[in-house]
Amino acid sequence: MKTAVLSSLVAASAAQQLGGAWSQCGGAGWTGATACVSGYTCKFSNEWYSQCVPGSAAPGNDTPTTTLKTSVIAAPSATPSAPSSAPSGSISKATGTKFTIDGVTKYYAGTNSYWIGFLTSNSDVDTIMSHLQTSGLKILRVWGFNDVKTIPGSGTVYYQSFSGSTATINTGANGLQRLDYVVKSAEAHGIKLIINFVNNWTDYGGMAAYFSACGVTSNKVWYQSSKCQGMYQAYIKAVISRYRNSNAVFAWELANEPRCNGCATSILTNWIRQTSDYIRSLDSDHMIAIGDEGFGITVSGDTSYPYSFGEGLDFAANLALPNVSMGTFHFYPSSWGVSNDFGKGWVNNHAAICKQLNKPCLFEEYGTTTGGHCTVEQPWQQASLAAKDAGMAADLFWDLGEILGSTGNKAADDGNTIFYGSDDWKCLVDNHIKSIG
Ligand SMILES: *[C@@H]1O[C@H](CO)[C@@H](O)[C@H](O)[C@H]1NC(C)=O
Ligand SMILES: *[C@@H]1O[C@H](CO)[C@@H](O)[C@H](O)[C@H]1NC(C)=O
């Protein structure tokens with residue numbers, strides 16, 4: 001709760017050498033206060049981070065004369081704010097082919113909400129997070145990008161704008177502060193976020209939003225242009241620096257569905273290596289995912305489009321890169337010209353590669369707009385869960401639907417959407433969570 005943080009903060013003048021409530025107080029490279037204000041103690045969490053948490057202060061940490069002053073409250077950019085209802089847990093990790101979340105290693109389920117960081121109501125964000133929490137869905141994948149070429153009106157959220165040859169990151173109230181709130185609410189509800197950095201498609205800008213600023217005209221060249229990659233990495237750095245110490249981050253993700261049609265697969269493999277190494281240089285802890293559709297697997301006797309290498313992806317080569325933590329794949333049979341029954345083999349062929357490389361496989365998106373969500377998708381979920389000891393670690397359906405309290409708006413129905421509380425939800429969430437156990 002905001003008020004709790006506020007009342008325990010102390011004036012900077014009285015406590016220059018002391019960290020305020022929940023502030024950082026140590027870690028490699030840290031040059032700020034290493035002791036905490038009265039009532040707080042500096043708790044070691046890892047080599048990179050110690051934090052002032054409530055508790056008896058270590059000797060010498062007492063500061064007798066402190067005055068409350070609201071002006072010391074700054075935007076909580078790099079410093080995590082106080083969890084409002086639950087502890088924010090521990091960092092999510094890969095353990096062999098499984099995920100470990102808050103210390104528990106098992107199969108997990110989750111969903112996608114590309115739009116949650118674009119909401120302007122904090123209470124809508126909290127409502128959604130509490131629905132996920134009570135449903136047992138642990139992982140939420142969100143867009144950590146929203147790139148524009150024309151700045152919208154002040155009520156519309158965007159994260160980065162391009163003008164001439166300049167990229168400007170929007171850290172304002174209609175910018176990354178909206179994503180800050182998503183992270184904060186996720187911390188309070190024990191939800192773990194996959195935060196994605198750019199789109200292959202033009203929704204919310206995508207790589208195409210960078211094109212004229214960095215002087216290219218295609219995704220293929222964008223991946224290889226040092227100017228475009230410099231802008232993209234600057235954006236990555238801005239986002240990571242805000243949430244570097246949050247246990248609500250499940251994984252950083254390079255892009256939504258990166259493709260390079262007709263390209264040698266080395267183009268994307270090189271870009272994935274370069275980007276995952278860059279992310280690792282900024283953050284030694286959190287997992288890193290690609291966000292691709294999982295195309296490009298050699299399956300003898302099967303020349304279906306999803307297995308082909310035509311979109312420039314080689315699933316096994318990319319997963320083998322040292323700083324890639326997990327394999328991702330998606331499934332939209334009606335867009336890809338394959339049958340619904342293709343799903344089981346699609347899951348198992350990815351799982352086998354994950355098992356071989358000893359990294360978890362995440363079935364990151366799946367959806368259908370025809371035939372009924374429950375009937376069509378349940379067998380895919382079951383195939384994924386059945387492979388939980390054979391490489392599959394988690395699945396996330398596409399995508400979450402909610403009727404938002406403040407506006408009554410349906411967010412956001414694309415035909416694949418599973419609305420909270422619907423019959424589809426009972427089938428694909430409640431039953432699934434029960435089977436997972
Ligand atoms: C996404 O990538 C594919 C392959 O390069 C390309 O055909 C498609 O046009 C891309 N989407 C956009 C919006 O650029
Ligand atoms: C992973 O990334 C780090 C940081 O950039 C880099 O130093 C390291 O060499 C990479 N790991 C491997 C095994 O290539």
Side-chain angles (χ1 to χ4, degrees), residues 24 26-31 45-50 78 90-100 144-145 167 169 192-198 207 210 214 222-256 258 260 263-292 294 296 312-329 350 353-362 364 391 393:
Q24 184 171 359
W30 173 248
T31 55
S45 73
N46 58 52
E47 178 190 351
W48 306 99
Y49 194 70
S50 299
S90 55
I91 192 157
S92 301
K93 289 277 183 200
T95 305
T97 59
K98 293 191 162 70
F99 291 128
T100 302
F145 60 84
I169 297 167
K192 307 300 172 179
L193 303 170
I194 297 175
I195 299 182
N196 189 301
F197 296 126
V198 73
M207 294 166 194
Y210 289 69
C214 62
W222 184 92
Y223 293 117
Q224 303 174 86
S225 145
S226 56
K227 188 148 189 227
C228 300
Q229 292 307 302
M231 288 176 164
Y232 168 62
Q233 292 191 350
Y235 184 73
I236 289 175
K237 187 174 188 178
V239 174
I240 290 183
S241 69
R242 294 174 95 82
Y243 319 122
R244 164 71 183 86
N245 298 310
S246 177
N247 289 327
V249 174
F250 183 73
W252 306 116
E253 188 161 88
L254 274 55
N256 176 47
C260 190
C263 303
T265 58
S266 58
I267 293 181
L268 282 177
T269 302
N270 288 341
W271 171 75
I272 294 163
R273 180 196 296 276
Q274 172 184 308
T275 310
S276 58
D277 286 359
Y278 178 68
I279 294 171
R280 189 50 80 227
S281 76
L282 301 174
D283 178 347
S284 54
D285 296 322
H286 289 104
M287 292 189 285
I288 300 172
I290 301 168
D292 63 309
L313 287 154
D314 179 332
F315 183 77
N318 297 336
L319 182 59
L321 293 170
N323 282 318
V324 170
S325 315
M326 68 185 80
T328 50
F329 65 94
H350 287 90
I353 294 168
C354 281
K355 177 126 183 154
Q356 203 181 339
L357 293 170
N358 199 31
K359 293 185 185 183
C361 249
L362 172 63
E364 187 180 58

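Counting convention: from 1, in listed order, for ligands and their atoms alike. All residue numbers in this chain count up from 1 along the given sequence. Computed over heavy atoms, backbone and side chain alike; hydrogens, waters and symmetry mates excluded.
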Nearest protein heavy atom with distance in Å, relative to atom 2 (O) of ligand 2: N323 ND2, 2.2 Å
Taking atom 7 (O) of ligand 2 as the reference point, report whether a protein heavy atom occurs under 4.0 Å from it. no
Worked check of side chain to side chain contact (heavy atoms under 4.5 Å, CB included) between L319 and C354: CA-CA 8 Å; L319 182 59; C354 281; 3.7 Å; yes
If we count only N and O atoms by modelled type, under 3.5 Å, do the side chains of S90 and N247 hold a donor and an acceptor together? no
Counting each atom of ligand 2 from 1 as listed, which ones have a heavy atom of S281 under 4.0 Å away? 4 (C), 5 (O)
Are any non-hydrogen side-chain atoms of V198 and Y235 less than 4.5 angstrom apart? no
Ranked by distance from atom 14 (O) of ligand 2, the top protein heavy atom is P322 CG, 3.4 Å
Out of V239, I194, I236, which residue meets the side chain to side chain contact (heavy atoms under 4.5 Å, CB included) rule with W252? V239
Which of these, V324, D277, L282, has its nearest heavy atom closest to atom 4 (C) of ligand 2? D277
Side chain to side chain donor-acceptor pair (under 3.5 Å) partner of Q229, the single match among W271, Y210, Y223, Y278: W271
